[in-house]
Amino acid sequence: MTPSIQIIFASQTGRNRAIAGHLQAQLASRAQTVITEISQVDAFALTQADAVIMVSYTYHDGDLPDEAQDFFEDLKKVDLERTKFAVCGSSSKSHIHFGRAVDYLTIQFNSSNGEQVADSVKIDQDPDDADYQRLDQLAQNVLASLA
């Protein structure tokens, strides 16, 4: 059976939407993928997917995006039942707390009983070749965890 992977993104500039699209392209031949903007996601339904990949930017100097607040609060009440997950996202190294939203989300997915299957990936601004390699590795780790 083909595994299902839900890719959730929060994007202000389009950067993380593009990252989500890149991940979907990496996964499409071996998994059924759905990309959803974070404000449209029901955290209580995450266990319906075999794996979840979260893609978020860090707002200002370390905050979660406004559109991620409701999802994050709901995630605190969810038992992910060992649903496999990975988190990545963009930020700016000029901020005091580079990529902190990625950290917050990773911690909460773990606290909600998820199973982290790839190291979190933080990207400074737009992805470069090295960032795409790390994103591709994240995608491969997610796929390998479903085999």
Side-chain angles (χ1 to χ4, degrees), residues 4-28 31 33-146:
S4 64
I5 301 172
Q6 183 168 11
I7 302 170
I8 303 165
F9 73 92
S11 189
Q12 188 173 51
T13 63
R15 182 179 294 133
N16 286 299
R17 179 188 299 266
I19 290 169
H22 175 83
L23 289 166
Q24 183 178 42
Q26 296 300 308
L27 299 164
T33 59
V34 175
I35 296 179
T36 311
E37 197 277 327
I38 196 165
S39 67
Q40 304 301 308
V41 174
D42 178 1
F44 295 95
L46 292 178
T47 58
Q48 294 174 6
D50 295 310
V52 175
I53 300 175
M54 181 73 229
V55 185
S56 180
Y57 65 95
T58 297
Y59 184 68
H60 198 346
D61 275 333
D63 299 325
L64 286 168
D66 286 343
E67 64 270 28
Q69 294 295 332
D70 289 343
F71 173 84
F72 189 79
E73 289 304 312
D74 287 347
L75 191 58
K76 291 178 181 179
K77 304 169 198 160
V78 172
D79 180 356
L80 292 176
E81 303 171 12
R82 306 301 298 158
T83 299
K84 293 164 179 23
F85 77 90
V87 181
C88 60
S90 65
S91 187
S92 172
K93 287 190 175 179
S94 67
H95 292 155
I96 295 169
H97 301 291
F98 172 67
R100 188 177 264 181
V102 170
D103 297 334
Y104 287 148
L105 288 160
T106 300
I107 290 166
Q108 190 54 57
F109 269 92
N110 275 304
S111 295
S112 296
N113 200 29
E115 179 184 344
Q116 186 173 355
V117 296
D119 291 338
S120 298
V121 175
K122 297 179 186 180
I123 298 166
D124 184 26
Q125 303 288 332
D126 291 312
D128 61 19
D129 289 343
D131 293 323
Y132 282 118
Q133 288 177 358
R134 294 186 306 137
L135 289 169
D136 294 350
Q137 184 62 57
L138 179 146
Q140 292 307 310
N141 288 350
V142 171
L143 285 172
S145 76
L146 298 172

*Count the heavy atoms of every other residue, nucleotide or ligand shown that sit under 6.0 Å from CG of D70, and state whether that count exceeds 12.*
no
_With side-chain hydrogen bond (donor to acceptor under 3.5 Å, both in side chains) as the rule and sequence neighbours excluded, what pairs involving residues 133-146 come up?_
H22-D136, D131-R134, Q137-N141
*Tell me, which pairs form a side-chain hydrogen bond (donor to acceptor under 3.5 Å, both in side chains) where one or both residues lie in residues 53-66, sequence neighbours left out?*
Y57-E67
*Would you indicate whether the side-chain heavy atoms of Q26 and L143 approach each other to under 4.5 Å?*
no
*Side-chain heavy atoms of C88 within contact of L135, under 4.5 Å*: yes
*What is the distance from atom CD1 of I38 to atom CG of L105, rounded to the nearest 0.5 Å?*
6.5 Å
*Taking atom CG of D119 as the centre, does the number of heavy atoms from other residues, nucleotides or ligands within less than 6.0 Å exceed 12?*
no
*Within a reach of under 6.0 Å around CG of D129, are more than 12 heavy atoms found that belong to other residues, nucleotides or ligands?*
no
_Minimum side-chain heavy-atom gap I19-F9 below 4.5 Å_ = no
*Tell me, do L46 and L75 make a side-chain contact under 4.5 Å, heavy atoms counted?*
yes
*So, does D124 use its side chain to make a donor-acceptor pair with the main chain of K93 at under 3.5 Å?*
yes
*Are any side-chain N or O atoms of S4 and backbone N or O atoms of D50, one a donor and one an acceptor, separated by less than 3.5 Å?*
yes
*Minimum side-chain heavy-atom gap F85-M54 below 4.5 Å*: no
*Has the side chain of N113 got a donor or acceptor atom that lies under 3.5 Å from a matching backbone atom of L80?*
no
_Between D126 and R15 (salt bridge meaning N to carboxylate O under 4.0 Å), is one present in this structure?_
yes
